[in-house]
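A quick write-up on the structure given underneath.
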Amino acid sequence: MKIHSLIKLLRLLALTAFPVIAQETEQTPVLIHAERVFDGKTIRTNTSVLVIGGIIAQIDSPEAFKSIKAKVIDLGDATLLPGFIELHAHLGFHHIPADTVLKHGITTIRDVGGPLHQPYGGDGSLRVLTSGPIITAPGGYPIPALGTENIAIAVATEQQARETVRSLIDGGAVMIKVALEPGGEAGAPWTEGHHHAGAKHHKAHPSKKTWPLLPENIVKAIVDEAHKQGRKVTAHLGEAQGAKIALDAGVDEWAHLPCAVIPDALLKKAVQQRVTTITTLDTLSKCPGIVHNAQSLAALGGNLLYGAEIAHPDIPWGIDAQELIAMMHTTDMQPLEVLRSATSKSGRYLNSPLLGTLQPGAPADLIAVKGDPTHDLKILEYPDLVMSGGHCILNNFERSACMP
Ligand SMILES: [Zn+2]
């Protein structure tokens, strides 16, 4: 195929799959060599990546590109990876600077709880998807801790629930979040945490459960309305009562590993119902149940995806290596499996199967680190190269590699 027809085809692909990133992109083909390439699934050597028009055009052995006229970037003893996907963040609500997050290796973020907006970014800026505010019971979590503005919507009837879901989706919600949190779990940041000022009074009575929960019929209405429009529903939950309502109502995802120990029967049911769990192990490191819940879900074959909860005070504004390490230690996942959970598996989960991969047609969201991150996950927190939609965001290699 001639190079200009290849560019045309790629732009068409980009416009269909990633409308945001295809507007103004660099047309000069860029060929990147690195000692190791993690393509979202596996580590490849003797592999180069061709970027055209903000999109991955081809990934192949260096010899395959001999006749291609391109600007060449040779990163040497480095590892090239897809930009990471953070599935649990509160960027908008806590005003975390998007550029800082992008420079630290996250190229796509999902805000679950915060101001509602249409998806944006990906063209040299952080790609941001959101659920908008969290649907909850009147007076339910997170209202006692954080109020309602931009963070919570209370519903009291099935009709209100359905209307709320429709208006959130109209406003750009890529998914819907509900809260099923009675409060009181020991070690939970929402019960005893320093940034949840309103939750302080629960410290004296950690076992006292006071926050009202959405009943099953209302959660069912939310799930039904969301599914009608192709949206998944995630639930904030921390203990068995919330988990039971979420499971009985058909919720698709747990936004955290539950803080309290969850009975095995419920964990089994979650896996049977193909519930996905976002890990947030680092944020919940003081919770007594997370190791048991993570181990059991993993052993049962459950789907655990990376999310660190950016905006939580313990979490860096970028890739959180501690989260990746905790995933390995609690579940026996291998380094490649945790890398997949933060890249290709998350892209597929977001219905964008090219996102989080390096394969033809994928957005050129790339990071590179000097060395081999499968031997040292910590280096991922400080990438040496970041590209978003083919635009160079950060470069610690030779100046000629690319100009931020
Ligand atoms: Zn959260």
Side-chain angles (χ1 to χ4, degrees), residues 85-96 98 101 106 108-117 128-136 140-153 168 173-183 185 187-199 202 211 213-214 232-239 242-243 246 251-260 275-287 289-290 293-294 304-318 320 322-323 326-327 342 346 349-350:
I85 300 170
E86 157 69 280
L87 288 176
H88 189 141
H90 302 282
L91 189 84
F93 188 71
H94 288 290
H95 308 289
I96 307 298
V101 174
I106 302 284
T108 299
I109 202 165
R110 194 183 65 165
D111 248 18
V112 284
L116 180 65
H117 54 70
V128 185
L129 317 170
T130 181
S131 66
I134 303 163
I135 305 178
T136 189
Y141 178 80
I143 296 172
L146 303 171
T148 54
E149 198 184 344
N150 280 329
I151 192 71
I153 301 175
L168 288 171
V174 298
M175 68 178 332
I176 298 296
K177 184 172 183 187
V178 297
L180 295 168
E181 174 57 71
E185 306 98 271
W190 46 85
T191 298
E192 306 185 54
H194 25 290
H195 76 301
H196 294 283
H202 287 276
W211 297 330
L213 295 179
L214 288 168
K232 294 185 180 98
V233 177
T234 186
H236 168 106
L237 53 87
E239 47 66 82
V251 163
D252 307 278
E253 176 192 309
W254 294 356
H256 297 282
L257 277 159
C259 182
V275 169
T276 290
T277 302
I278 313 304
T279 52
T280 71
L281 285 156
D282 194 8
T283 294
L284 301 182
S285 58
K286 295 167 194 74
C287 283
I290 48 168
N293 296 334
L304 295 172
L305 295 180
Y306 169 88
E309 194 162 16
I310 284 179
H312 187 280
D314 292 355
I315 304 304
W317 294 349
D320 181 11
Q322 192 58 43
E323 186 69 34
M327 287 171 87
S346 290
Y349 183 67
L350 292 172

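Every value quoted in this text rests on a predicted model; they were computed, and no experiment measured them. First listed ligand is number 1; within each ligand, the first listed atom is number 1.
When all heavy atoms of Y306 and D320 are compared, the pair lying nearest together is OH-N, 2.9 Å. Nearest heavy atom pair, residue I153 against residue P133, reads CG1-CB, 3.8 Å. Residue A311 comes nearest to H90 through the heavy atom pair CB-O, 3.5 Å, listed as atom of the first residue, atom of the second, then distance.
Taking the six-membered ring where the residue is Trp, H256 and H88 present tilted rings, their angle falling between 30° and 60°.
Taking the Zn ion (ligand 1) as reference, E309 places its N/O/S atom OE2 nearest.
Among the backbone and side-chain atoms of H312, no N/O/S atom is found under 2.8 Å from the Zn ion (ligand 1). The distance from the Zn ion (ligand 1) to the nearest N/O/S atom of H90 is under 2.8 Å.
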